[in-house]
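As structure tokens, the structure follows; a few thoughts come after it.
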2 protein chains.
Amino acid sequence: MTTTRRERIRETTLEEIISTAWKQIAEQGVPALSLRAIAREMGMTAPGLYRYYPSRDDLVTALIKDAFDSFTRHLETARDEAFDANHVEQYRAVCLAYYQWAVLNPSRYALIFGSPVPGYQMTEAAYASSRKGFLVLQNLIEKARAAGSIHPPADFPPLPPELVSRYESLRILGMPGDPVGTHIALATWSTLHGVTALMLYGYLEGFLSDQVEGFVLQMIDQLVMLFGFE
Amino acid sequence: MTTTRRERIRETTLEEIISTAWKQIAEQGVPALSLRAIAREMGMTAPGLYRYYPSRDDLVTALIKDAFDSFTRHLETARDEAFDANHVEQYRAVCLAYYQWAVLNPSRYALIFGSPVPGYQMTEAAYASSRKGFLVLQNLIEKARAAGSIHPPADFPPLPPELVSRYESLRILGMPGDPVGTHIALATWSTLHGVTALMLYGYLEGFLSDQVEGFVLQMIDQLVMLFGFE
DNA sequence: AAATATAGTGAACATCGTTTACATTATAAT
DNA sequence: ATTATAATGTAAACGATGTTCACTATATTT
């Protein structure tokens, strides 16, 4: 892994472009992201950026990958810090970390979980990054189940057979987890996304004001009860 | 309410602009919405549109209001069609209607619940429209509670006092509903939004393929159990 | 019939993403 | 050390965008 001087400089420039882009997204939003503005702020001209990213879309793809990596790392850190705790606490920690990352990185969250852009296709590398984040949640749930720490209540609505067989076929495709574990992970993910997205958009603030985090914690508690974490 | 000939023509043009805008949003997404393209398709020049909407942002605001109105009407229709049924079925019907409206109107859903744009402030009229949609859900839950059709399970996590008092102060501000009803409505809304948004972005399709609606129905069943609808 | 308000056009400005041709500079080869 | 080559950047230009301004044509009102 020898890196020449030129390669190091190139790497630095690549990073500077990304960080400048995030700065502008935070200030003006994704739609207003402008190559010319980035170049201006970096003290160079717009066409020069094309030596690094062949188009605006490719830059956005790089930003998406960057955001997913940060997101996944944050979840992993939360999981690792709760390593000594029991499964419920680990689950709670990762769920809360999901929300907190969004609070700390609203622009990044909006970019990867915001409105899809018709015609824009996400790179396979970016999709792989997205799965990595989800896997943190799914693996944790899987371990808790294997340890017998999850007992859904008696009146938990049974999964319809079509859904179960769909989950089964995922396992064949190499995904970890039994049907119930996969379902719990998907349901958790959906719920967290809903709360977080509504919060970021400002729809919850009108109702909850300074109690948004309290609401999120309550929602997590409800998930714990619903799935029978112990 | 006398309408002159000119006013009628103006009204027609206003509507044609909106419908042309939706057509383009459906084809190319919100970011690509172009005043010039709208004018072109309508057989006029771009500056002419400024007699109707003073800027692109004002047009977007009108689109948001239009989307919210359609959304609310759809929920109300679903509620009214299930008028004879019991409270659980009404709740199920409205929840499913939420998801189905998004499936039928992906562009509209993305516009009102997608990424927030920094610097863009929603009109009070648009916010009022958003509350109207939420109220359909909240009023329904409130009626079910008044009729004694909601009994959360014994191990339902108790609402923290700060959250309860926050809900209480909402009632003082003129919002209907007791704390528990408000909370159930918010929790339902968040969950539905999470499922729907992930579905529209395509994150769920990789897992669920043709079982997305089955997953949504399952999530609704879980909400019914979680809150103790009967 | 004259005065006025409304609707629309055409030209222009600043901005955007992107391409092309060209200059500069750092590395590699001789 | 000099030459060839590859990488990095610039300047100019194209077509597109939102928006403003000056102007014309039309419809309504007086």
Side-chain angles (χ1 to χ4, degrees), chain A residues 1-64 111 117-121 123, chain B residues 1-25 27-64 111 117-121:
Chain A
M1 174 94 173
T2 67
T3 60
T4 72
R5 166 177 165 73
R6 192 131 83 182
E7 279 168 343
R8 286 198 309 276
I9 294 181
R10 183 164 229 282
E11 195 59 35
T12 309
T13 307
L14 280 166
E15 285 166 13
E16 187 183 353
I17 293 174
I18 294 285
S19 70
T20 309
W22 281 128
K23 202 160 115 193
Q24 298 204 358
I25 288 180
E27 286 164 3
Q28 319 217 27
V30 183
L33 180 63
S34 149
L35 291 187
R36 294 187 110 109
I38 293 173
R40 216 177 301 133
E41 186 157 337
M42 291 177 62
M44 61 186 288
T45 58
L49 294 181
Y50 283 76
R51 303 286 170 185
Y52 299 90
Y53 296 99
S55 80
R56 186 181 182 279
D57 272 9
D58 291 274
L59 173 57
V60 170
T61 300
L63 290 170
I64 289 177
L111 185 61
V117 178
Y120 173 80
Q121 261 306 322
T123 280
Chain B
M1 173 95 171
T2 66
T3 59
T4 72
R5 165 176 165 72
R6 189 129 84 178
E7 280 169 342
R8 286 199 309 276
I9 293 181
R10 184 165 230 284
E11 196 59 36
T12 310
T13 307
L14 280 166
E15 284 166 13
E16 186 183 353
I17 293 174
I18 293 286
S19 70
T20 310
W22 281 128
K23 203 160 112 191
Q24 297 204 358
I25 288 179
E27 286 165 1
Q28 319 219 29
V30 183
L33 180 63
S34 149
L35 292 187
R36 294 188 110 109
I38 293 173
R40 216 176 301 133
E41 187 158 336
M42 290 178 62
M44 59 186 289
T45 57
L49 293 181
Y50 284 75
R51 302 282 169 186
Y52 300 90
Y53 296 100
S55 80
R56 187 182 181 278
D57 271 9
D58 291 273
L59 173 58
V60 170
T61 300
L63 290 170
I64 288 177
L111 186 60
V117 178
Y120 174 80
Q121 260 305 324

- Task: Round to a whole Å and report the spacing from OH of B:Tyr50 to P of C:dT6.
- Result: 20 Å

- Query: Rounded to whole angstrom units, what separation is found between the CG atom of A:Leu59 and the C1' atom of C:dC16?
  - Reply: 15 Å

- Rounded interatomic separation in angstrom, taking CZ from B:Arg5 and P from D:dT26: 14 Å

- Message: Heavy-atom nearest nucleotide on DNA chain C for A:Pro54 versus B:Arg36: which residue maps closer to 5'?
- Response: B:Arg36

- Scan A:Tyr53 against the nucleic acid and name what it touches under 4.0 Å (heavy atoms): base, sugar-phosphate only, or nothing. nothing

- N/O donor-acceptor pair under 3.5 Å between A:Glu41 side chain and A:Thr20 backbone: no

- Can you find a side chain N or O atom of B:Ser34 that sits less than 4.0 Å from OP1 or OP2 on D:dG18? yes

- Task: May I ask you to say what A:Thr13 touches in the nucleic acid, namely base, sugar-phosphate or nothing, with a heavy-atom cut-off under 4.0 Å?
- Result: nothing

- How many Å lie between CG on A:Leu35 and P on C:dT18, as a whole number? 6 Å

- Query: Can you find a side chain N or O atom of A:Thr45 that sits less than 4.0 Å from OP1 or OP2 on D:dG9?
  - Reply: no

- Note on the structure: dist A:Arg36:CZ -> A:Arg56:CZ (nearest 0.5 Å) comes out at 13.5 Å

- Hey, does B:Leu49 have a side-chain heavy atom less than 4.5 Å from the side chain of B:Leu59? no

- For atom CD1 of B:Ile9 and atom P of C:dA7, their distance in whole Å: 9 Å

- Message: Counting only side-chain nitrogens and oxygens, does B:Arg10 get under 4.0 Å of the OP1 or OP2 atom of C:dA7?
- Response: yes

- Atom pair distance, as rounded to whole Å: OH in B:Tyr52 and P in C:dT6: 12 Å

- Taken to the nearest 0.5 Å, the spacing of A:Leu14 CG from A:Glu7 CD works out to 11.5 Å

- Give the rounded distance in Å between these two atoms: CD of A:Glu11 and C1' of D:dA7. 16 Å

- Message: Closest approach to the side chain of A:Arg56, judged atom by atom: which nucleotide of C:dC16, D:dT28, C:dT18 is it?
- Response: C:dT18

- Hey, does B:Leu33 reach any base, or is it just sugar-phosphate, or nothing, if we go heavy atoms under 4.0 Å? sugar-phosphate

- B:Asp58 versus B:Thr61, side-chain donor and acceptor atoms under 3.5 Å: no

- Could you work out which one of C:dA5, D:dT19, C:dT19 sits closest to the side chain of A:Pro47? C:dT19

- Task: Please state whether the base of D:dG9 and the side chain of A:Arg51 form at least one donor-acceptor pair under 3.5 Å?
- Result: yes

- Query: Quick one: B:Leu49 CG to D:dT20 P, roughly how many Å, whole number?
  - Reply: 13 Å

